Amino acid sequence: MKNSVRVRFAPSPTGYLHVGGARTALFNWLFARHHGGKLILRIEDTDLSRSSDEMVEGILEGMRWLGLAWDEGPFFQSQRFERYRVFTAELLEKGLAYRCFCRPDSPAAADANGEIPSWSYDRRCRALEPSEARRRAEAGEPCAARFRVPEGKTAYRDQVYGDIEVENEQVEDFVLLRSDGMPTYHLGVVVDDLDMQITHVIRGADHISNTPKQVLLYRAADKPLPEFAHLPLILGPDKQRLSKRHGATSVMAYSEMGYLPEAFFNFLALLGWSPGDDRELLSRDELISLFSLERVGKANAVFGIDKLDWFNSQYLTRCDTATLGGIVSRELYAAGVWRDSTEALPEEGMHRTLELLKPRARKIGDFSGRFRAFFTDDFSYDEAAAAKFLSDSRLRGFVRSLIERYREDDQFTLGSTEKHLRGLAEREGVKPALLMHALRVGLTGQGVAPGLFDVMVTLGRSRTLNRLERLCSRLAGKNGE
RNA sequence: GUCCCCAUCGUCUAGUCGGCCUAGGACACCGCGCUUUCAAUGCGGCAACACGGGUUCGAAUCCCGUUGGGGACGCCA
């Protein structure tokens with residue numbers, strides 16, 4: 001089995017698994033599975049200060065949630081320093097790299113308010129006599145190792161973007177090993193990809209400009225290049241790079257909001273890739289067999305939450321009650337009322353409610369908001385929405401009579417509440433629909449909610465009464481009574 | 001600023017190396033139907049080849065330029 005595909009996902013643990021990282025991981029995973037290859041997980045934690053175990057765990061958690069299992073690793077760069085040192089020593093030996101004694105921050109820092117940081121290392125240490133430089137280094141003078149960028153141009157073929165070429169003059173003599181002995185990103189990536197026999201480097205397009213440096217390193221090491229494939233970036237609605245500013249940026253935040261991993265997975269797969277036909281709702285297996293780098297697009301994609309919501313609703317209406325119950329219970333636990341509500345209802349009633357909610361759950365946002373309104377008392381009454389259906393005074397009259405009725409009624413079931421409501425509306429010559437709309441808004445504070453009777457029964461008699469009374473007094477207050 | 005990349009409906013995109021595109025699908029939005037319950041569902045509608053030059057019998061598809069957007073320019077990754 002030679003030439004088998006080996007790809008890697010190599011996040012740096014400086015933050016949780018974010019949307020862009022997840023998409024990169026996802027594409028790598030799909031590619032590996034499609035080709036029956038391996039996905040290696042590598043943690044690029046060479047930046048001592050910015051990395052933490054907590055972040056590593058956060059990334060693993062995100063990957064597990066999405067169901068992206070890796071085959072090898074996680075490997076940590078922080079445990080491979082010796083490899084980087086040896087690699088660099090060889091380049092130093094061959095004169096392909098040189099020691100630099102400049103202070104880490106000498107010419108650059110200046111650019112205070114200038115938004116355009118631009119300077120390139122002036123290569124002043126390039127001319128140092130190797131033996132002299134070595135002597136100084138051995139004498140204890142701190143120094144970094146820089147790559148000696150040759151003349152000419154550097155080109156590589158990208159599986160997505162095609163041929164990319166740059167003049168080497170545009171590439172500075174980048175640092176390989178910092179003065180504290182830590183490897184830089186470029187060094188780590190190349191050494192690791194080589195050691196781990198990575199065949200395809202699939203990563204974000206923000207690395208396109210970095211790739212020539214790495215290509216130069218492969219050449220210096222006299223090793224063949226892996227295939228490179230850069231993925232278009234995912235942007236926020238304002239076409240700017242996705243950031244906290246755009247709301248949730250961590251994958252797990254979506255889990256907490258109630259998005260199903262299958263939905264998120266499906267949505268992400270279609271960001272920057274498409275099967276080529278009109279299919280959108282695709283299972284993992286379908287995605288695996290359909291995926292190919294040729295079909296990855298080049299233009300950056302905006303992360304549109306509306307479409308994600310749609311995918312979520314599609315999966316939500318298809319998922320089983322247990323899964324749905326899991327989501328619901330999270331919400332209810334958060335509201336601290338789960339136990340309360342289950343006790344209030346016979347088990348079958350609860351299940352029935354969940355069943356009924358299933359096809360109606362559209363956006364998870366509404367969905368969870370709905371439940372909050374259901375089981376807690378901090379719902380807010382949307383007067384404008386209710387007024388669309390019935391005038392306040394009219395509505396108040398109904399609410400009054402409902403309260404009276406329910407005070408006596410100990411039979412609070414789906415059938416009886418519906419029967420009663422319809423009867424009431426008819427006697428008063430009002431379309432039942434109007435009353436039901438108005439009550440839905442009044443009871444849940446939501447414009448979109450499950451069926452009214454489900455709401456009432458699920459709330460239970462006392463809660464319903466409670467809310468009806470509050471609604472009534474609001475209406476009264478409004479009429480200045 | 002320098003270099004690299006990108007450019008089809010508001011958004012995700014299809015458009016296999018020019019003709020079958022009077023540009024297709026999905027989300028969102030609007031309308032209608034179904035349900036004497038919003039939603040969901042069904043049907044329909046609105047809506048794009050950034051601009052300007054070429055090349056060609058013929059260009060969304062090829063070339064050049066302009067504009068716009070993104071990325072990279074660290075002893076961050």
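Predicted model only: the values in this text are computed from it and were never measured. The basis for the numbers below is simple: all heavy atoms, side chains too, and nothing from hydrogens, waters or symmetry mates.
- Separation of the C1' atoms belonging to B:rG71 and B:rA60 is 26 Å when rounded to the nearest angstrom.
- Taking the ring axis of A:Phe101 as reference, the NZ or CZ atom of A:Arg136 stays within 45° of it and closer than 6.0 Å to the ring centre.
- In this structure, A:Asp278 places its CG atom 7 Å from P of B:rA26, rounding to the nearest Å.
- Taking atom P on both nucleotides, B:rU13 is separated from B:rC9 by 12 Å, rounded to a whole Å.
- Across all strands shown, the partner of B:rA26 is B:rU11, judged by Watson-Crick or G-U wobble contacts whose two distances both fall under 3.5 Å.
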Evaluation steps, side chain to side chain donor-acceptor pair (under 3.5 Å), between A:Asp47 and A:Tyr185: CA-CA 9 Å; A:Asp47 188 344; A:Tyr185 164 71; over 6 Å; no

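- The gap from the C1' atom of B:rC57 to that of B:rG33 amounts to 49 Å, rounded to the nearest Å.
- A gap of 15 Å separates the C1' atoms of B:rA28 and B:rA48, to the nearest Å.
- B:rG10 and B:rA47 have their C1' atoms separated by 9 Å, given to the nearest Å.
- Pairing for B:rU36 is absent, judged as Watson-Crick or G-U wobble with the two contacts each under 3.5 Å.
- Cation-pi geometry between A:Arg157 and A:Phe228 is not met at under 6.0 angstrom from the ring centre and within 45 degrees of the axis.
- Here B:rC51 sits opposite B:rG65 as a Watson-Crick or G-U wobble pair (both hydrogen-bonding atom distances under 3.5 Å).
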Go through it in stages, so that I can follow the logic: the residues are A:Glu227 and A:Tyr156, the test is side chain to side chain donor-acceptor pair (under 3.5 Å), and I'd like the CA-CA distance, side-chain angles, deciding distance and then a yes or no. CA-CA 9 Å; A:Glu227 296 288 349; A:Tyr156 71 95; over 6 Å; no

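- B:rA72 is paired with B:rU2 under the Watson-Crick or G-U wobble criterion, all donor-acceptor distances under 3.5 Å.
- Spacing of C1' atoms, B:rU8 relative to B:rA50, comes out at 10 Å, to the nearest Å.
- For A:Ser274, a side-chain nitrogen or oxygen approaches OP1 or OP2 of B:rA14 to under 4.0 Å.
- Counting to the nearest Å, the C1' atom of B:rG70 and the NZ atom of A:Lys239 are 11 Å from each other.
- No option in A:Trp310, A:Phe303, A:Tyr315 other than A:Phe303 meets the ring pair (Phe, Tyr, Trp, His ring centres under 6.0 Å) test with A:Phe267.
- Comparing B:rG68 with B:rC51, their P atoms are spaced 15 Å from each other, to the whole Å.
- The phosphate of B:rC75 (OP1 or OP2) has no side-chain N or O of A:Arg99 nearer than 4.0 angstrom.
- Atom-to-atom, CD of A:Glu280 to C1' of B:rG24 comes out at 12 Å; the value is rounded to the nearest Å.
- The distance between atom CD of A:Glu172 and atom P of B:rU2, rounded to the nearest whole Å, is 18 Å.
- With hydrogens and angles left out, the side chain of A:Ser209 and the base of B:rC73 share no donor-acceptor pair within 3.5 Å.
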